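What follows is one structure encoded as structure tokens, with my remarks underneath.
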Number of protein chains: 2
Amino acid sequence: MKETLLCPRLAKAMELLGKRWTALIIFQLIDGAKRFNEIESSLPISGRLLSERLKELEKEGLVERTVFSEVPVRVEYNLTDKGYALKDVVDGIESWSKEWF
Amino acid sequence: MKETLLCPRLAKAMELLGKRWTALIIFQLIDGAKRFNEIESSLPISGRLLSERLKELEKEGLVERTVFSEVPVRVEYNLTDKGYALKDVVDGIESWSKEWF
DNA sequence: AAAGTTAGTTACATAAAGTAACTTGTGATT
DNA sequence: AATCACAAGTTACTTTATGTAACTAACTTT
């Protein structure tokens, strides 16, 4: 990959947000915590990739994972402040899509 | 791929914007037209993919392609209204990246 | 003890992205 | 006339990411 003048922060952000499903997962969590299966059924994503994406988002500090030791186990995901700070962005994409498609 | 309750317009928008480089290409064009080589050298993207992305963006009506029959040939790309309507979104991503990374 | 439930994981097939060399059209240079 | 330079791609090939479906772990209810 070539080097570039591109701002490293923006590059990093786009590396994350530009990945398939990432923005839609954040979009699903904007209105509050959801569990794994809820996200999985609200998007056409497989468990394999959802699991992978949630791990990335957790690692980057946009998403927080909480395990409830019930039976069967319940796991909830919710946005951190860093993740929620993207609300305007994902809302902007949503309204753009409604206006132009 | 599973079916979902997801809004088809948003799904379509994300299919486009979620592709690698797409948002960064739009970002490069926000301040005005650029030619192929300028975009290529301002991003760590190869000619192969840049060409592919620009075709997609042109097909979806976000980008306009203009050929100038000079020697050597000059080709400029610029945003349409539909593409420019994403300015707030890409600016939002940029400021988020500066604040949180 | 067999079946159900959530939240994953594994193995394998297909599609997308990365890399580098090649092509096309045109005019200028040797 | 043959070679070279240049922008804007394209082609062939390799590597990585994604899609699909079957499987696992832990624990409960039937």
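Proteins come first, then strands; the chains are lettered A, B, ... in the order of their sequence lines, and each starts at number 1. Quick caveat, the model's predicted, so the values are computed rather than measured.
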Closest-nucleotide ordering on DNA chain C, the 5'-leading residue of B/Val73 and A/Arg48: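 Whichever sits nearer the 5' end wins; that is A/Arg48.
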5'-most contact on DNA chain C: A/Val71 or A/Phe36, nearest heavy atom basis?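 Its nearest nucleotide lies further toward 5', so the answer is A/Val71.
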Nearest of C/dG8, D/dC6, C/dA17 to any side-chain atom of B/Lys19?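 Per side-chain heavy atoms of B/Lys19, the pick is C/dA17.
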Can you check whether [X] has a side-chain N or O nearer than 4.0 Å to OP1 or OP2 of [N]?
{"X": "B/Arg53", "N": "C/dA17", "answer": "yes"}
{"X": "B/Ser51", "N": "D/dT10", "answer": "yes"}
{"X": "B/Tyr77", "N": "D/dA7", "answer": "no"}
{"X": "B/Arg35", "N": "D/dA8", "answer": "yes"}
{"X": "B/Trp21", "N": "C/dG18", "answer": "yes"}
{"X": "A/Arg65", "N": "C/dA7", "answer": "no"}

Could you state the atom-to-atom distance from [atom1] of [X] to [atom2] of [N] in whole Å?
{"X": "B/Leu43", "N": "C/dG18", "atom1": "CG", "atom2": "C1'", "value": "15 Å"}
{"X": "A/Asn37", "N": "C/dT9", "atom1": "CG", "atom2": "C1'", "value": "15 Å"}
{"X": "A/Glu70", "N": "D/dT28", "atom1": "CD", "atom2": "C1'", "value": "13 Å"}
{"X": "B/Arg20", "N": "D/dT16", "atom1": "CZ", "atom2": "C1'", "value": "10 Å"}
{"X": "B/Phe68", "N": "C/dT26", "atom1": "CZ", "atom2": "P", "value": "17 Å"}
{"X": "A/Glu76", "N": "C/dT6", "atom1": "CD", "atom2": "P", "value": "14 Å"}
{"X": "A/Leu50", "N": "D/dA17", "atom1": "CG", "atom2": "P", "value": "18 Å"}
{"X": "B/Lys34", "N": "D/dG9", "atom1": "NZ", "atom2": "P", "value": "16 Å"}

Position toward the 5' end of DNA chain D (nearest nucleotide), A/Glu52 or B/Lys55: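 With A/Glu52 and B/Lys55 compared, the 5'-side residue is B/Lys55.
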Pair [X] + [Y], salt bridge at N-O below 4.0 Å:
{"X": "B/Arg48", "Y": "B/Glu52", "value": "yes"}
{"X": "B/Arg9", "Y": "A/Glu94", "value": "no"}
{"X": "A/Glu56", "Y": "A/Arg53", "value": "yes"}

Does some side-chain heavy atom of B/Phe36 sit less than 4.5 Å from a side-chain heavy atom of B/Leu50?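 Side-chain contact under 4.5 Å: yes.
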Cation-pi check, B/Lys82 onto A/Phe101 ring (under 6.0 Å, within 45° of axis):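 Judged by the rule, B/Lys82 and A/Phe101 form a cation-pi pair.
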